[in-house]
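Below: the structure, in structure tokens.
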Amino acid sequence: MPEKISIAHDGALRVPEMPVIPFIEGDGVGPEIWRAARAVIDAAVTHAYRGSRAISWTELYAGEKAARQPGGELLPGRTLEGIAEHLVAIKGPLTTPVGGGHRSLNVAMRQQLDLYACVRPVRYFQGTPSPMRNPEKLDVVIFRENTEDVYAGIEWQAGSPEAKEVAGFLVTRFGARLPERCGIGVKPISEAGSKRLVRMAVRYALAHTRRSVTLVHKGNIMKWTEGAFMEWGYEVAAEFPGLVAREGEPGEGRVIMKDRIADSMFQQLLLRPDEYDVIATTNLYGDYLSDACAAQVGGLGMAPGANIGDRVAVFEATHGSAPRHAGHDRVNPASLILSGAMMLEHIGWREAAAAIAGALQKTILAKTVTYDLARQLPGARQLACSEFAGAIIENLTR
């Protein structure tokens with residue numbers, strides 16, 4: 001019988017043999033990559049547990065599909081309630097307009113469900129085309145703060161009464177020098193928000209036997225926001241006596257916490273990627289770094305991700321909705337497939353998660369890939385999105 005996932009007395013997830021998990025198809029290519037991902041996830045669960053476990057999927061609506069439902073809301077309250085009720089969900093990409101239009105539904109979902117950590121593992125699958133000489137050296141997990149920084153949405157349009165009022169206050173009260181007409185945004189970085197993000201990163205490093213946690217910031221310039229993030233991060237290290245050491249301290253058998261300036265970190269991840277393991281950073285830098293790292297291992301089509309809070313977790317494709325590709329059955333579904341594997345690991349179904357990673361690796365090594373990889377891979381056989389999913393499923397049993 002299908003049952004909801006719940007939280008046990010010790011705070012751990014209690015996962016039944018047939019958990020009910022909501023999904024959101026997403027916009028643009030969302031429906032086709034979701035169909036591919038769902039087929040692979042279901043096949044991996046069946047393969048790993050021989051029919052003793054299965055997922056009971058239930059659909060929720062957001063984005064363009066939600067707008068076509070009665071009420072016409074892009075992010076209905078009942079969707080947020082459904083995710084919170086079921087604790088775990090998975091979603092395809094949702095369209096975010098550039099400039100005008102509605103604000104990001106992804107950001108709204110993260111903020112309203114308090115999904116404060118965007119977790120992005122970036123690793124290389126052998127045989128994937130890459131611009132790097134040694135892409136296998138990159139194996140990082142990025143913890144990006146999800147609710148603060150410039151993504152908090154506290155901003156006012158240039159020329160608006162609100163922008164003029166805020167600008168006037170800053171000029172008269174604090175002597176700020178501002179152009180006459182400018183948009184204004186506020187960048188909040190809090191102690192509580194920073195510490196809980198770093199704390200999750202440290203716990204992940206300890207649970208997965210990772211070597212280090214690197215705090216990435218621009219504290220040399222923005223001392224009371226970025227610099228504070230760094231200082232609060234080091235305070236978290238002190239919460240784990242005997243388990244976490246600061247860089248330069250004796251650290252045999254302990255997770256090493258270090259920090260790097262953001263612009264330097266981009267260079268470090270290109271030139272010395274194997275020196276980094278778990279990265280904890282602010283919202284904007286996490287966005288940049290995770291995409292830049294993905295480019296080294298095959299692009300966003302190969303990059304999974306999740307938005308995780310203290311209770312709820314939503315797994316997602318990390319790329320956009322790519323509307324010009326919609327309906328052509330050609331986009332790489334690996335991002336959402338690997339996000340599904342992350343979800344399976346999150347609920348404790350590690351065997352199924354490992355089966356997906358293994359089958360994907362075999363499929364890539366066979367050079368049977370979607371167009372984004374095939375055009376860079378001599379001798380590759382180009383597959384449609386649905387065919388690629390089928391090849392992965394075949395490789396589950398090989």
Side-chain angles (χ1 to χ4, degrees), residues 1-26 33-34 36-60 79-92 109-110 113-121 123 141 143 146 200-201 203-210 303-318 333-360 389 392-393 396:
M1 284 287 293
E3 294 180 59
K4 295 175 187 174
I5 295 172
S6 60
I7 297 178
H9 294 300
D10 62 357
L13 291 180
R14 190 190 70 79
V15 182
E17 298 300 298
M18 188 178 287
V20 179
I21 297 181
F23 69 90
I24 296 170
E25 281 191 341
I33 65 170
W34 167 244
R38 177 174 176 170
V40 171
I41 295 167
D42 285 340
V45 170
T46 299
H47 169 72
Y49 306 113
R50 304 302 178 191
S52 64
R53 294 178 180 177
I55 294 173
S56 177
W57 300 105
T58 183
E59 185 171 12
L60 298 176
T79 293
L80 295 171
E81 291 164 6
I83 294 171
E85 179 184 349
H86 289 86
L87 303 178
V88 174
I90 187 168
K91 58 177 280 295
M109 188 178 295
R110 295 165 190 164
L113 293 171
D114 200 24
L115 306 174
Y116 60 83
C118 179
V119 183
R120 295 275 300 271
R123 56 165 286 196
V141 182
F143 283 74
N146 233 355
M200 184 184 286
R203 287 174 178 158
Y204 180 94
L206 290 168
H208 293 80
T209 323
R210 292 278 180 158
N307 300 293
I308 301 175
D310 289 331
R311 288 178 55 85
V312 178
V314 178
F315 299 82
E316 65 178 359
T318 58
S335 174
L336 193 56
I337 289 170
L338 289 170
S339 296
M342 283 182 72
M343 183 191 73
L344 293 171
E345 184 171 349
H346 180 76
I347 65 173
W349 293 10
R350 294 179 180 84
E351 298 84 358
I356 288 175
L360 177 61
I392 295 171
I393 291 168
L396 283 168

Next item on the list: Work out which heavy atom in Thr318 is nearest to a heavy atom in Ala303; give both atom names and the distance.
Entry: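 For Thr318 and Ala303, the tightest heavy-atom pair comes out as OG1-O, 2.7 Å.
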Margin query: Tell me the closest heavy-atom pair linking Ala355 and Leu396, and the distance in Å.
Written below: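 Looks like O-CD2, 3.5 Å.
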Quick one: are [X] and [Y] in side-chain contact, heavy atoms under 4.5 Å?
X      : Y      : value
Cys118 : Arg120 : yes
Ile308 : Met342 : no
Asn146 : Asn307 : yes
Trp34  : Ile90  : yes
Val88  : Val15  : no
Val40  : Leu360 : no

Any donor and acceptor pair, going by atom type alone, linking the side chain of [X] with main-chain N or O of [Y] inside 3.5 Å?
X      : Y      : result
Ser339 : Gly305 : yes
Ser56  : Met18  : no
Thr58  : Pro22  : no

Distance, nearest 0.5 Å, that separates [atom1] of [X] from [atom2] of [Y]:
X      : Y     : atom1 : atom2 : answer
Leu60  : Ile21 : CG    : CD1   : 12.0 Å
Ile347 : Arg53 : CD1   : CZ    : 8.0 Å
Leu87  : Leu13 : CG    : CG    : 6.5 Å
Ile7   : Arg14 : CD1   : CZ    : 11.5 Å
Met343 : Phe23 : CE    : CZ    : 11.5 Å
Leu115 : Ile83 : CG    : CD1   : 8.0 Å

Check: Taking only residues two or more places apart in sequence or in another chain, which ones pass side-chain hydrogen bond (donor to acceptor under 3.5 Å, both in side chains) with Arg311?
Finding: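 Result, side-chain hydrogen bond (donor to acceptor under 3.5 Å, both in side chains) vs Arg311: none returned.
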Residues in salt bridge (charged side-chain N to carboxylate O under 4.0 Å, His left out) contact with [X], at least two apart in sequence or another chain:
X      : answer
Arg210 : Asp139, Asp277
Glu81  : none
Asp114 : Arg196

Check: Please walk me through it: do His86 and Ile5 pass side-chain contact (heavy atoms from CB on, under 4.5 Å)?
Finding: CA-CA 6 Å; His86 289 86; Ile5 295 172; over 6 Å; no
Item checked: Qualifying side chain to side chain donor-acceptor pair (under 3.5 Å) pairs, either residue in residues 37-48, two or more places apart ->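 Only Asp42-Trp57 qualify under side chain to side chain donor-acceptor pair (under 3.5 Å).
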Note to self: Suppose the criterion is side chain to side chain donor-acceptor pair (under 3.5 Å): which pairs have a residue in residues 343-355, not counting sequence neighbours?
What the structure shows: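 Matches after skipping sequence neighbours: Tyr49-Glu351, His208-Glu345.
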